[in-house]
Amino acid sequence: MDGREELAVRFEAERGRLGAVARRMLGSTAEAEDAVQEAWLRLERVDAAELENLPGWLTTVVSRICLDVLRGRRTEPVVVEEAVDGPEAEAELVEEVGRAMLVVLDRLGPAERVAFVLHDGFAVPFEQIGPIVGRNTVAAKKLASRARQRVRGTGESTGAGAATGSARREVVEAFLAAARGGDLDALLAVLAPEVVRRADPAALPAGRPVLLRGAGAVARETRVIGRRARFAVPVLVDGELCAAIAPDGRLRLLLRFEVADGRVAGFEVVADPARLAALELSLPGREVS
């Protein structure tokens, strides 16, 4: 076995781990595969014999590639993009990382996301993370800490007059389950008789009213356009349990609920890109390890 073949064998031994790092950083299987392949091309251009720690070097290179991709996204116009991964790849990514985690990670700044994923996800020391994100060790720790706080949030609101966190969760999850299944009877059971649905125009097919009243009308509409509910996951917005619609792990719609007496008394469908971008999302308590 010559030197290049041996290097290829060593690289392949790291490919799975590098792919996992890149998928969590980028939220895309296709982009992660591109990042790992680019790392191999860069490895071919260096003298591997001089690399004392090949796994560490590869982690650094893949992380920097991902950081550049994430920064590039921030400079692009805000548009509703089609998923770059196919259905099977997306399903595998969601299974691996979790849709809610992908949604929340997508809200982090590039350096925060890289620092958080490397440290909390793969136990990379901050001494190694610092140079990757262009910060010293202390600043890298602060990046990861800030990201961790944003991911975990402050917990669900339990203010007076509001449904408790567990009761609200049960109602929201019952609504989402009924919507996913297109179950009209289950929707009617979870909706208050005078429920009000408000929506940004971008969330609705042409001609649909932005304001809809009554359990029957709301249930029928939800049943018709509720196929998007299969991409819904609970998230927290300002401590309030909501539902994020994220078909590719990136927020497309947000449902904000009003819950009273064990039913959905109203909900708003947020679809305007500027409004979505301004939201601070975190994971519900039981989603955080």
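- A donor-acceptor pair under 3.5 Å is formed between the side chain of Glu112 and the backbone N or O of Gly109.
- By the 4.5 Å heavy-atom criterion applied to side chains, Met25 and Pro110 are not counted as neighbours.
- For Arg256 (side chain) and Glu268 (main-chain N/O), no donor-acceptor pair under 3.5 Å exists by modelled atom type.
- The side-chain heavy atoms of Leu204 and Glu221, taken from C-beta on, include a pair separated by under 4.5 Å.
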Test side chain to side chain donor-acceptor pair (under 3.5 Å) applied to Ser282 and Arg107, step by step: CA-CA 9 Å; Ser282 59; Arg107 317 297 288 184; over 6 Å; no
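- Side-chain atoms of Arg113 come within 3.5 Å of backbone atoms of Arg24 as a donor-acceptor pair (strictly under, hydrogens ignored).
- In this structure, the separation between CG on Leu143 and CD1 on Ile129 is 9.5 Å, given to the nearest 0.5 Å.
- Here the side chains of Val104 and Arg150 are not in contact, with every heavy-atom distance at 4.5 Å or above.
- The hydrophobic cluster containing Val195 does not contain Leu188, counting ILVMFWY residues as joined when their side-chain heavy atoms lie under 4.5 angstrom apart, directly or transitively.
- With hydrogens and angles disregarded, no donor-acceptor distance shorter than 3.5 Å links the side chain of Asp200 to the backbone of Ala202.
- Side-chain atoms of Arg71 never come within 3.5 Å of backbone atoms of Cys66 as a donor-acceptor pair (strictly under, hydrogens ignored).
- Side-chain contact between Val36 and Arg15 is present, with heavy atoms from C-beta onward closer than 4.5 Å.
- Here the CG-CZ distance, from Leu176 to Arg169, works out to 11.0 Å after rounding to the nearest 0.5 Å.
- Val138 and Val133 are assigned to two separate hydrophobic clusters, defined by single-linkage of ILVMFWY side chains at heavy-atom distances under 4.5 Å.
- The minimum heavy-atom distance linking Val62 with Ala39 is given by the pair CG2-CB, 3.6 Å.
- Within the 4.5 Å cutoff, no side-chain heavy atoms of Leu54 are placed close to those of Phe11.
- Residue Asp261 places its CG atom among 12 or fewer non-hydrogen atoms of other residues, nucleotides or ligands, all under 6.0 Å distant.
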Residues Phe175, Leu191; criterion side-chain contact (heavy atoms from CB on, under 4.5 Å); working and verdict: CA-CA 8 Å; Phe175 172 85; Leu191 295 172; 3.9 Å; yes
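- Atoms CZ and CZ, on Arg146 and Phe116 in that order, are 13.5 Å from each other to the nearest 0.5 Å.
- Note on residues 178-195: no pairs pass side chain to side chain donor-acceptor pair (under 3.5 Å), not counting sequence neighbours.
- By the 4.5 Å heavy-atom criterion applied to side chains, Arg23 and Ser28 are not counted as neighbours.
- Between the Arg197 side chain and the Ala217 main chain, no donor and acceptor come within less than 3.5 Å of each other.
- Among residues at least two apart or in separate chains, there is no side chain to side chain donor-acceptor pair (under 3.5 Å) pair with a member in residues 129-142.
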Val61 and Trp57: CA distance, side-chain angles, deciding distance, side-chain contact (heavy atoms from CB on, under 4.5 Å) verdict: CA-CA 6 Å; Val61 170; Trp57 185 88; 3.7 Å; yes
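- Under the 4.5 Å side-chain heavy-atom criterion for Ile, Leu, Val, Met, Phe, Trp and Tyr, Leu212 and Leu184 are members of distinct hydrophobic clusters.
- Contact between Gly249 and Asp106 at its shortest, heavy atoms only, is O-CB, 4.2 Å.
- Arg228 places no side-chain N or O within 3.5 Å of a backbone atom of Ile245 that could act as its donor or acceptor partner.
- The two residues Ala174 and Val190 make their nearest non-hydrogen contact at CB-CG2, 3.9 Å.
- Within the 4.5 Å cutoff, side-chain heavy atoms of Arg213 are placed close to those of Leu211.
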Step-by-step side-chain contact (heavy atoms from CB on, under 4.5 Å) determination, Leu118 to Thr59: CA-CA 9 Å; Leu118 286 176; Thr59 299; 4.0 Å; yes
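- Ring pair Phe267/Phe257 is tilted by interplanar angle, where 30° to 60° counts as tilted.
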Arg42 and Glu38: CA distance, side-chain angles, deciding distance, salt bridge (Lys or Arg N to Asp or Glu O under 4.0 Å) verdict: CA-CA 6 Å; Arg42 295 187 187 185; Glu38 175 62 23; 3.0 Å; yes
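- Within the 4.5 Å cutoff, side-chain heavy atoms of Arg148 are placed close to those of Asp120.
- Rounded to the nearest 0.5 Å, atoms CD (Glu33) and CG (Leu18) are 12.5 Å apart.
- Considering all non-hydrogen atoms of both residues, Cys242 and Leu254 come closest at CB-CD1, 4.1 Å.
- Val196 and Val264 are not part of a single hydrophobic cluster, where members link through side-chain heavy atoms under 4.5 Å apart.
- With hydrogens and angles ignored, the 3.5 Å screen pairs no side-chain donor or acceptor of Arg198 with any backbone N or O of Val270.
- To the nearest 0.5 angstrom, Leu241 atom CG is 12.5 Å from Asp238 atom CG.
- Of all the heavy atoms in His119 and Val124, the pair that sits closest is CD2-O, 3.5 Å.
- The two residues Ala144 and Phe126 make their nearest non-hydrogen contact at CB-CE2, 3.6 Å.
- Within 6.0 Å of the CD atom in Glu95, the count of heavy atoms belonging to other residues, nucleotides or ligands does not exceed 12.
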Evaluation steps, side-chain contact (heavy atoms from CB on, under 4.5 Å), between Asp47 and Glu50: CA-CA 6 Å; Asp47 184 356; Glu50 297 183 358; 3.5 Å; yes
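- Using a distance-only test at 3.5 Å, with no hydrogens or angles considered, a donor-acceptor pair links the side chain of Gln128 to the main chain of Gly56.
- Here the options are Leu26, Leu102, Asp248, the test is side-chain contact (heavy atoms from CB on, under 4.5 Å), and the partner is Leu93; only Leu102 passes.
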